[in-house]
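Right, one structure below, let's go through it.
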Amino acid sequence: MLPRSFYHRSTTTVARDLLGKILVHEQNGGRIAGMIIETEAYVGETDLACHAKAGRTKRTAQMYGQPGFAYVYFTYGMHWLFNCVTEDEGFPAAVLVRGVKPLDGIDIIAARRKPIARPQWTNGPGKLCKAFGIHGAHHGTDLCAPNSNLFIEDNDPISDFSVTTSPRVGLNTVPEPWKSMPWRWLVTSNIAR
DNA sequence: GCGACGATGGGCT
DNA sequence: GCCCATCGTCGCA
């Protein structure tokens, strides 16, 4: 399990270093796990793509809390998205997990994602939340608590040669320079498949 | 393979 | 009442 100190760093560093780590959800005695292969960073009230741009509200309060907690929110009327809170308590920032490679709990993931084909099981932030069973009840979960059933495990780092950055996705009405900041990280080598 | 678009509900002005 | 850090389907090539 990654310690709180992992999340207590700059958000862009955490987003980069989360590549290759293992997202784990243990429920009903079963283990669902996947290697993180895509992330995005959302950094503070000045980042006009970040939900915290409007300041502290009931929804964004979790981003102002301690690092290492889950920020889970609902969007487009049907999708849950999973983020990890980063940086100092009081500074609103988080990393959105956008894609994982399924490792454990394949049968559970398959059942939840049926009849979709395997490559599309967890290749999007809404998709992986459905596959892992992550939803509003997990908002505010401490990913670093010893007894947590939702956490991230350490794993071998991913080489820079296997990593690509790009602008963040879906920011259609966000002004520059925020719209084009290269704050999306992807594993592009074949280990992501 | 690819672009357009509708679904659907909470959050915020 | 408008805006989404999305997804799956549809029509067309």
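Chain identifiers are assigned alphabetically (A, B, ...) following the order of the sequence lines, protein sequences preceding nucleic acid strands; residue numbering begins at 1 within each chain.
In this structure a side-chain-to-backbone donor-acceptor pair under 3.5 Å is present from A:Asn155 to A:Gly20. When atom types are taken as modelled, the side chain of A:Lys101 and the backbone of A:Ile37 share no donor-acceptor pair closer than 3.5 angstrom.
Among the protein residues, A:Arg59 comes within range of the sugar-phosphate backbone only, with heavy atoms under 4.0 Å from sugar or phosphate atoms but none that close to a base. In this structure, A:Arg184 reaches neither bases nor backbone, as no heavy-atom distance under 4.0 Å exists between it and the strands shown.
Nucleotides of DNA chain C that come within less than 4.0 Å of any heavy atom of chain A span, from the 5' end to the 3' end, C:dC4 to C:dG8.
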Q. Does the pair A:Arg31 and A:Glu153 meet the rule for a salt bridge (charged side-chain N to carboxylate O under 4.0 Å, His left out), with working shown?
A. CA-CA 13 Å; A:Arg31 172 187 159 100; A:Glu153 287 181 348; 3.1 Å; yes

Q: Could you walk me through whether A:Tyr64 and A:Gln62 pass side-chain hydrogen bond (donor to acceptor under 3.5 Å, both in side chains), step by step?
A: CA-CA 5 Å; A:Tyr64 289 78; A:Gln62 190 63 231; over 6 Å; no

Q. Is there a salt bridge (charged side-chain N to carboxylate O under 4.0 Å, His left out) between A:Glu45 and A:Lys53 once you walk through the steps?
A. CA-CA 4 Å; A:Glu45 295 175 352; A:Lys53 66 176 183 287; over 6 Å; no

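Between A:Tyr73 and A:His51, the ring centre distance stays below 6.0 Å.
Classification of the A:His138-A:His25 ring pair by plane angle, with boundaries at 30° and 60°, yields perpendicular.
Within the 4.5 Å cutoff, the side chain of A:Lys130 has heavy atoms near those of the A:Arg113 side chain.
Each of A:Val187, A:Ile152, A:Ile22 was compared with A:Ile36 under the side chain to side chain contact (heavy atoms under 4.5 Å, CB included) criterion, and only A:Ile152 meets it. For the side-chain hydrogen bond (donor to acceptor under 3.5 Å, both in side chains) criterion with A:Arg16, the lone passing option out of A:Thr39, A:Asp160, A:Thr11 is A:Asp160.
Nucleotides of DNA chain C nearest to A:Gln120 and A:Thr173 differ in position, and the one nearer the 5' end is that of A:Thr173.
DNA chain B contains the following stems of three or more consecutive Watson-Crick or G-U pairs, with both distances under 3.5 Å: B:1-7 with C:6-12, B:9-12 with C:1-4.
Distance CD (A:Gln62) to P (B:dG11): 14 Å, rounded to an integer number of Å.
Across residues 73-112 of chain A, A:Tyr73, A:Thr75, A:Tyr76, A:His79, A:Leu81, A:Asn83, A:Leu96, A:Arg98 each have a non-hydrogen atom less than 4.0 Å from an atom of DNA chain C (numbered order).
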